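On a predicted model such as this, the values are computed, not experimentally measured, just so you know. In what follows, chains are A, B, ... by sequence order, proteins preceding strands, each numbered from 1.
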Number of protein chains: 4
Amino acid sequence: MSAAAGAGPRGPGRPRSRESWSAILDVAAELLERDGYLKLSLDTVAARAGVSKRTIYRWWPSKGALAIEAYLAVAADRLTVPDTGSLREDLERYARDFVGLLTETATARTVAGLVAASFDDPELARAFREDFLGGRRAAAGEIFERARERGELRADADIGAALDDFFAPLWYRALFTGAALDGPYAADLADRLTAAYS
Amino acid sequence: MSAAAGAGPRGPGRPRSRESWSAILDVAAELLERDGYLKLSLDTVAARAGVSKRTIYRWWPSKGALAIEAYLAVAADRLTVPDTGSLREDLERYARDFVGLLTETATARTVAGLVAASFDDPELARAFREDFLGGRRAAAGEIFERARERGELRADADIGAALDDFFAPLWYRALFTGAALDGPYAADLADRLTAAYS
Amino acid sequence: MSAAAGAGPRGPGRPRSRESWSAILDVAAELLERDGYLKLSLDTVAARAGVSKRTIYRWWPSKGALAIEAYLAVAADRLTVPDTGSLREDLERYARDFVGLLTETATARTVAGLVAASFDDPELARAFREDFLGGRRAAAGEIFERARERGELRADADIGAALDDFFAPLWYRALFTGAALDGPYAADLADRLTAAYS
Amino acid sequence: MSAAAGAGPRGPGRPRSRESWSAILDVAAELLERDGYLKLSLDTVAARAGVSKRTIYRWWPSKGALAIEAYLAVAADRLTVPDTGSLREDLERYARDFVGLLTETATARTVAGLVAASFDDPELARAFREDFLGGRRAAAGEIFERARERGELRADADIGAALDDFFAPLWYRALFTGAALDGPYAADLADRLTAAYS
DNA sequence: AGATAAGCGAGACGGTACGTCTCGTCTTCAT
DNA sequence: ATGAAGACGAGACGTACCGTCTCGCTTATCT
């Protein structure tokens, strides 16, 4: 969350306006959900947030950077890391939450836009991978690490590979095939991973 | 390839220009490779192909439809379906070819753009799934079907699931993590699938 | 009137829209009168004329070029060249008309803006001198030339100098001192010039 | 120099900073010469003078007010009132100096910008007329008044009219026609005025 | 010696305009 | 009737400057 970082001991000068900052993120999240990333216009964000375009560009280097931050602020609540004491159970719960996010919100559309834009903007690509993907992988990673501490994981299990095996099919369905993403699928995915890595 | 279909017995008037048609596709493919889908401009295509924009819009309903057709025309050559008599070997060869396509051309960038645009254009979404994805899956599907005929596949093997397991991690790496896509990875993927489904 | 020039035998392509063209000039003239040149905004012209900004920029290279053309179209009617058979009388009538233009319309404000902008735009400077000033000087020049044909002018009279002597004090009052510009002043100016050059 | 006026018995609080004040004027004069009035930006002045924009606006009500003051401070040196004992000689010298100012510096550009801006700012118009024009006219007026004291002027000579006759053609050339402003022209102007008023 | 108060550099802010770009449609002329 | 040329309305882009505002700090005068 680059721009929001730290605050810390500011120098002189008028401080960043909290009202503007949160209005921008709120409006961006709302329009992202409604119009998708590709059709998101910073002109419109500025107008609806009652803010100057300059203010947006002062704090976010690109539409993508704003979209990532806006989206994360919203999505953070929806995805909590479960800790039931069972790998199988944790995976299923997390997969269910994730599937819900993908089907009930415009997450897939937003992410598709961000991925596409990332190919034209290295800084956006970095932010997307670190902030967006990294956050998700870290969360799901905890599930596997706790399983390892409990001795549930087989000795040679590679958590990185497990995370790939978890996310790849979900995103593939969400972005490519449009195949069902529902509770049973989440359960099935959890089963397969548990079988493979424990 | 809907737009090119049939011609049929037309009435009077100037016949459709074959030169224009192929010039448009050639230029589109070239610009797609150079600029990516998002930055592809039909103004530029028209200018470089010596063609009116009107003509483009007459035959293709949208930028995406043109891009799919232009891309398929080029990519078709690169991906042939191997038939070595061994599932393991066929899968590795096909995976190698596919990985080569992803790393040596702007395929990933193009596909990312098409996926993103598909969320705003149902007809494009349909064309993408049927022409683009469907073609790939049919090709790779042959590999599994031949293996089944040879008795290489286990009885309960679900070819649809196998195709998901094959493509999902490749696209996930190409679009999301940026992790290595090379010969060893292709071999590893072929190994894993062979183990799982035979 | 660069952009309006000649028409001639056009090639293919959609022709320039007469509606847009005249709407732009009308709105520009209206806003020029209301807001002055400096505060004239092409965004506003476009919006009120129901026209794309692109269309304005297609036909006029700058705000100044549009302003000159818009203004001339309006001012043309107000300044006719009198022909009474008397230098003194012609000068007074033309001076009165000109003074009327300066006091009853925002001409001075517009011209001040154009002059200022001319220093940053050589092409505008050229257009201003040729189209705007040149037109005025040609008109007033006719008065002196007819006087010369009638034998009213002294042998060594320099018409260029006479035009300077005519316009310089009018613009000086209009732009600098703000001193009275009225009927008596026009008469006085006509007297002085008649005395000096006949 | 309105803003510097009077000081008087101040209350508590920090006094105005002389360093900032003169840095602002210096930078403004420099940028005025380089960029002209229209393109002069107070953001840039503030940055280059190491000063807050707030400080500029505290002491000058507008860009124009600052520009007038900055310009006068510089131009004052260049125009001294000659006193040779001869109207003809004094006029020529003053005209030469003035012509030099107009041709060697960006005076005309600056003045054009101020005149244009004056139409949108009555206070600027007042300052321009009183401080800028008034100063010039007072200086040149001395020449005529001394000539009158010496008995060189004809009895009915109107000094105000003479000043108009002196400045009007100079500004007209400088701002409108761009015709030559040089030594010979200055001499000719001095001749004509001397002939007309003595 | 405090207290009070204004000036100051820094710089964020809402607003507005700039000039350019692309989209998808529309209009003409020439074939 | 088709097609190239290319104008059109719409509207987003990212930048610039305006004049105002808010900060934390400094420097004076007044108690």
**Prompt:** Whole Å only: how far is the CH2 atom of Trp60(A) from the P atom of dC13(F)?
**Reply:** 15 Å
**Prompt:** Once you round it to whole Å, what is the distance between P of dG24(E) and CG of Leu124(B)?
**Reply:** 11 Å
**Request:** Ignoring backbone atoms, establish whether Thr55(B) has a side-chain N or O less than 4.0 Å from OP1 or OP2 of dT2(F).
**Result:** no
**Request:** Round to a whole Å and report the spacing from CZ of Arg58(A) to P of dC17(F).
**Result:** 14 Å
Would you be so kind as to tabulate the donor-acceptor pairs closer than 3.5 Å made by side chains of residues 107-118 of chain A, with sequence neighbours excluded?
{"unit_1": "Thr107(A)", "atom_1": "OG1", "unit_2": "Tyr71(A)", "atom_2": "OH", "d": "2.0"}
{"unit_1": "Thr107(A)", "atom_1": "OG1", "unit_2": "Thr105(A)", "atom_2": "OG1", "d": "2.6"}
{"unit_1": "Arg109(A)", "atom_1": "NH1", "unit_2": "Asp35(A)", "atom_2": "O", "d": "3.3"}
{"unit_1": "Arg109(A)", "atom_1": "NH1", "unit_2": "Asp120(B)", "atom_2": "OD1", "d": "2.9"}
{"unit_1": "Arg109(A)", "atom_1": "NH2", "unit_2": "Arg34(A)", "atom_2": "O", "d": "2.9"}
{"unit_1": "Thr110(A)", "atom_1": "OG1", "unit_2": "Ala106(A)", "atom_2": "O", "d": "3.2"}
{"unit_1": "Ser118(A)", "atom_1": "OG", "unit_2": "Leu114(A)", "atom_2": "O", "d": "2.8"}

**Message:** Donor-acceptor check, side chain of Tyr37(B) to backbone of Ala67(B), threshold 3.5 angstrom: yes or no?
**Reply:** no
**Message:** Output the rounded distance in Å from CG (Asp120(B)) to C1' (dC23(E)).
**Reply:** 14 Å
**Message:** Base contacts versus sugar-phosphate-only contacts with protein, heavy atoms under 4.0 Å: please encode nucleotides 15-21 of chain E as B, S and - from 5' to 3'.
**Reply:** B-BBBBB
**Request:** Provide, to the nearest angstrom, the distance between the CZ atom belonging to Arg14(A) and the C1' atom belonging to dT22(F).
**Result:** 6 Å
**Message:** Within this structure, what is the CG-CZ distance for the pair Asp131(B) and Arg126(B), rounded to the nearest 0.5 Å?
**Reply:** 6.0 Å
**Message:** Once rounded to the nearest 0.5 Å, what's the spacing between atom CG of Leu124(A) and atom CZ of Phe132(A)?
**Reply:** 11.0 Å
**Message:** So, OP1 or OP2 of dC13(E): does either fall under 4.0 Å of a side-chain N or O from Trp59(A)?
**Reply:** yes
**Message:** In this structure, how many angstroms lie between the C1' atom of dT22(F) and the CD atom of Glu19(A), rounded?
**Reply:** 12 Å
**Message:** Between P on dG7(E) and CZ on Arg18(D), what's the gap in Å once rounded to a whole number?
**Reply:** 14 Å
**Asked** Donor-acceptor pair, Lys39(C) side chain versus Leu31(C) backbone, under 3.5 Å?
**Response** no
**Asked** Between atom CD1 in Ile56(A) and atom C1' in dA12(E), what is the gap in whole Å?
**Response** 14 Å
**Flag, side chain of Lys63(D) to backbone of Leu40(D), donor-acceptor distance under 3.5 Å** = yes
**Prompt:** Nearest of dC13(E), dT27(E), dC8(E) to any side-chain atom of Pro15(C)?
**Reply:** dT27(E)
Under 3.5 Å, side-chain donor or acceptor atoms of residues 48-56 of chain C against the rest of the protein: list the pairs with distances, not counting sequence neighbours.
{"unit_1": "Arg48(C)", "atom_1": "NH2", "unit_2": "Glu30(C)", "atom_2": "OE2", "d": "2.7"}
{"unit_1": "Ser52(C)", "atom_1": "OG", "unit_2": "Arg54(C)", "atom_2": "N", "d": "3.1"}
{"unit_1": "Lys53(C)", "atom_1": "NZ", "unit_2": "Asp43(C)", "atom_2": "OD1", "d": "2.8"}

